J.: 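Here it is: the structure, laid out below.
Hydrogens, waters and symmetry mates are skipped; everything else that's a heavy atom, side chains included, is used. The shown structure was predicted, so the numbers you read here are calculated from the model rather than taken from an experiment.
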Number of protein chains: 2
Amino acid sequence: MEPIADKKRAIFESMLELVKEKGFHGTPMSMVAKRAGVAAGTIYHYFDSKEKLICELYHYIQQQVIEIVKHEDCTDISFKECFFNLWYALFTYYTEKPSILRFFEQFVNSPYNTNKDEFGKDEFHRLLFRFFERGIKEGHLRPVSPKILGTLAHSNIISTVKIQASGRLTLQDGELEQIPLILWDGMRNR
Amino acid sequence: MEPIADKKRAIFESMLELVKEKGFHGTPMSMVAKRAGVAAGTIYHYFDSKEKLICELYHYIQQQVIEIVKHEDCTDISFKECFFNLWYALFTYYTEKPSILRFFEQFVNSPYNTNKDEFGKDEFHRLLFRFFERGIKEGHLRPVSPKILGTLAHSNIISTVKIQASGRLTLQDGELEQIPLILWDGMRNR
DNA sequence: GGTTGTTAATTGAATGTTCATTCGGTTTGC
DNA sequence: GCAAACCGAATGAACATTCAATTAACAACC
């Protein structure tokens, strides 16, 4: 990850917050510019178009998530430990940056997401699936496609973040810890 | 569910398909009108605005999902059977109507969703949570908040539909059946 | 250190397009 | 005949993008 120009980062942050608050529509470039503290024209010095800006932002963020997976997927400790570490690392990341989760969710279901990146071809999914493949190979997890396990696990994390973030429900003592356990108990080989 | 005027239904269907293909932005009212086979002005005979149309469509669809839950949540058979029936019923419903799932996902993360309906206050979630409450009370499920179990279960179903719908992955023989089992094994009381 | 030239960064008003919505008029059903 | 349903061109606002003009950065040269 090479360093990013200050202005570029400011534009990214601005877009991120506005998308969280108002969605893709509802955030005109003029507003992005204003909050970023630059002129409208400046954005077009860095990005070809609104669409490009959004796509680049997506990849920029995804890179951060990839770093987390890489960091937690090590062979020094047992698979089970890795599994729980990864669960909590991603949970914490999304929880601390609610605008990112919201942006993601909007992006993947939007026409900006010209997902020609076949599923499992982008680096995040490749890493995720490789991790679960290891779990299967080592006999910890059910012999189901790692793509299934990976997808289910990730959606489990995201749901948990959403439950908590919405404030709909305050998790009782020890309830949060139950959730990765539920996931593990379901997926583990028996 | 009282019967809906033909035109109204046509407008709903049109919006649904277009949102799937092009997202909320990207679907002008003129196009909705065209595909529905009505004039632009006609839409405004039935709906106050684009926003209202979208919100009504959301509730219209949600009603269908509610019917499914009501249908499967009966006390004639064991909870476990109900659980699997419900899982498959929802899975089948979303699978057969991909435009609906896509619309939902876009809607909940959009500014149209002025979700003042507190979580768990809309009928769908009330029913869903009540169902899981029963499972806990009868001792089948872990004693965790039914809201958590309900949310996790629903997101498990939706992920499965998405895996399959994206064509990313063809489920092998018996793999689909593993998924509700994974969910059940994780949530069940031990 | 100051002068000059060159390129990159930045500005924000102007442009042109795309829509949601309106409304005066027409058709349909009763 | 009358009301409700329907039409679609016209309106006006919102917005992405452009561009001519301005400023900062910085190197080369004396």
J.: Return the nearest nucleotide to the side chain of Y46(A); candidates are dT21(C), dA9(C), dC7(D).
T.: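 Per side-chain heavy atoms of Y46(A), the pick is dA9(C).
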J.: Check whether any side-chain heavy atom of D73(A) sits under 4.5 Å from a side-chain heavy atom of L86(A), and report yes or no.
T.: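 The answer is no; the side chains never approach within 4.5 Å.
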J.: When you check the side-chain N and O atoms of E56(A) and Y46(A), is any donor under 3.5 Å from an acceptor?
T.: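 Side chains of E56(A) and Y46(A): no pair found under 3.5 Å.
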J.: Closer to the 5' end of DNA chain C via nearest nucleotide, is it G37(A) or T27(B)?
T.: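 Upstream on the strand: G37(A).
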J.: What is the distance from CD1 of I54(B) to C1' of dT21(C), rounded to the nearest Å?
T.: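 To the nearest whole Å, that distance equals 14 Å.
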J.: Take K7(B) and D48(A), find for each the nucleotide of DNA chain D with the closest heavy atom, and name the residue whose nucleotide sits nearer the 5' end.
T.: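 Nearest-nucleotide comparison on DNA chain D picks K7(B).
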J.: Can you measure F24(B) atom CZ to dT18(C) atom P for me and round it to whole angstrom units?
T.: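 F24(B) atom CZ is separated from dT18(C) atom P by 22 Å.
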J.: Can you confirm whether or not the ring centre of F12(B) sits under 6.0 Å from the ring centre of F103(B)?
T.: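 Ring centres of F103(B) and F12(B) not closer than 6.0 Å.
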J.: Which listed nucleotide (dC15(D), dT21(C), dT11(C)) is nearest to the side chain of P28(A)?
T.: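 Selected nucleotide (nearest to the side chain): dC15(D).
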J.: Given dA20(C), dC7(D), dC6(D), identify the nucleotide with an atom nearest to the side chain of M29(B).
T.: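 So the side chain of M29(B) is nearest to dA20(C).
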J.: With a 4.0 Å cut-off on heavy atoms, is F47(B) in touch with a base, just the backbone sugar-phosphate, or nothing at all?
T.: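 Touches nothing.
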J.: Between the main-chain N or O of F79(B) and the side-chain N or O of E138(B), is there a donor-acceptor pair closer than 3.5 Å?
T.: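 Here the side-chain-to-backbone pair does not exist.
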J.: Tell me which nucleotide among dT11(C), dT18(D), dC6(D) gets nearest to the side chain of Y44(A).
T.: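 For Y44(A), the side-chain atoms sit closest to dT18(D).
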J.: Given dT17(D), dT10(C), dT21(C), identify the nucleotide with an atom nearest to the side chain of K50(B).
T.: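 Closest of the options to the side chain of K50(B): dT21(C).
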J.: Of the nucleotides dT11(C), dA9(C), dC6(D), which has the atom closest to the H45(A) side chain?
T.: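 From the listed options, dA9(C) comes nearest.
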